[in-house]
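The structure under discussion appears below in the form of structure tokens.
What you see below is based on every heavy atom in this structure, not just the backbone, and it leaves out hydrogens, waters and symmetry mates. Counting starts at 1 for both ligands and their atoms, in listed order.
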Amino acid sequence: MIERTLLLVKPDGVRRALIGTIISNVENVGLKVVAIKMVWPSKEIAGKHYIEDENWLLNVGNKQIATYKEKGINVKSSARDLGVKVRMQLIESFSSGPVVPMVIEGNEAIFIVRKLLGATEPRKSDPSTIRGRYSMDSYDMADKMQRPILNLAHASEDKKTADREIALWFKKSEISEYSRVDESATI
Ligand code: ADP
């Protein structure tokens, strides 16, 4: 099924000069960029991107707790408190420099772009993924430095989130409809 998703090169991805590499990974599988821009986000837009959603806060905190458990590290904070802390760090980080949001379109675009990106923690991301190949950060390093995990890019998680995030970063008139040459191939 043809879908649209939001892929956003985060400030660390822009500063690492990986915009082109990230786009190439997406284009090389057959997906296409239908909208793109560079923006230095305000705290307001960053806060709207990472909205205060109870499930998201718990999920983020629980992922960190699970990883710490594997490493035998004891966590004193609740999952929600960890989620709230990470959200504040993300808002600071997003407004610290330019980001490159883009709309990606194609078959199963939401799932495929997440697959190309890899797991949240680069330490664990498969080396064939963008995060696994080009970054190496970990939960405990991020914790020590009091900043979000540096994992280069964000991609929408599901259709509802993709629709919301695309509408946050782009007006309808900024999204182009066109065909890739390989879209009309019959073999
Ligand atoms: P993903 O970006 O893989 O969908 P999440 O939605 O769980 O991951 O988290 C959003 C972003 O927040 C992550 O990409 C990462 O940059 C940051 N992050 C998540 N959990 C933590 C954490 N425990 N400590 C620091 N940063 C985190």
Side-chain angles (χ1 to χ4, degrees), residues 3 5-16 18-19 22 25-26 41 43 45-102 104 108-166 168-169:
E3 294 175 339
T5 189
L6 185 92
L7 170 64
L8 181 146
V9 183
K10 294 180 178 182
D12 54 307
V14 173
R15 292 203 185 117
R16 290 270 314 277
L18 286 169
I19 303 168
I22 292 169
N25 271 269
V26 169
K43 287 212 167 88
I45 192 169
K48 283 186 182 162
H49 178 87
Y50 286 114
I51 52 166
E52 203 166 356
D53 172 85
E54 285 302 315
N55 281 338
W56 184 90
L57 295 175
L58 288 175
N59 193 25
V60 162
N62 280 326
K63 280 205 273 184
Q64 178 174 347
I65 290 170
T67 306
Y68 273 18
K69 235 181 211 158
E70 279 169 22
K71 287 187 156 186
I73 303 171
N74 202 16
V75 186
K76 290 191 191 99
S77 312
S78 70
R80 192 181 183 279
D81 285 352
L82 290 172
V84 169
K85 188 180 82 178
V86 169
R87 180 170 177 266
M88 296 322 289
Q89 290 174 342
L90 285 166
I91 292 172
E92 276 300 319
S93 155
F94 256 48
S95 50
S96 74
V99 300
V100 178
M102 59 194 110
I104 305 299
E108 306 259 354
I110 298 168
F111 177 82
I112 291 175
V113 174
R114 297 269 298 180
K115 182 185 73 167
L116 292 173
L117 219 50
T120 305
E121 188 189 31
R123 177 181 73 94
K124 272 201 156 175
S125 316
D126 191 279
S128 61
T129 63
I130 294 167
R131 287 170 170 173
R133 176 143 193 212
Y134 299 105
S135 54
M136 56 164 194
D137 206 15
S138 63
Y139 280 107
D140 43 338
M141 179 58 82
D143 217 5
K144 199 172 145 202
M145 311 282 282
Q146 293 294 300
R147 54 150 176 76
I149 291 175
L150 301 178
N151 56 13
L152 307 173
H154 160 86
S156 312
E157 203 171 340
D158 52 36
K159 164 98 176 76
K160 198 172 147 223
T161 319
D163 291 347
R164 188 184 67 75
E165 291 177 352
I166 290 169
L168 176 67
W169 292 96

Might you list the protein residues in contact with ligand 1, defined as having a heavy atom under 4.0 Å from one of its atoms, sorted by chain and number?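 Shell around ligand 1 (4.0 Å, heavy atoms): K10, W56, V60, K63, Q64, V86, L90, R114, T120, R131, Y139, A142, R147, P148, I149, N151.
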Any donor-acceptor pair under 3.5 Å linking the side chain of E3 with the backbone of I110?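 Here the side-chain-to-backbone pair exists.
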Mind jotting down which residue pairs meet the salt bridge (Lys or Arg N to Asp or Glu O under 4.0 Å) criterion with at least one end in residues 146-156? Sequence neighbours excluded, please.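 Residue pairs passing salt bridge (Lys or Arg N to Asp or Glu O under 4.0 Å), neighbours aside: D137-R147.
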So does E121 pair up with R131, basic N to acidic O under 4.0 Å?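 Salt bridge between E121 and R131, a charged N being under 4.0 Å from a carboxylate O: no.
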D81 with K85: basic N within carboxylate O range, under 4.0 Å: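 Answer for the salt bridge query: no.
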Classify the ring geometry of Y50 against W56: parallel below 30°, tilted from 30° to 60°, perpendicular beyond 60°.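 Ring orientation, 0 to 90° scale: tilted.
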May I ask you to decide if the ring planes of Y139 and Y68 are parallel, tilted or perpendicular, using 30° and 60° as cut-offs?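 It falls in the perpendicular class, over 60°.
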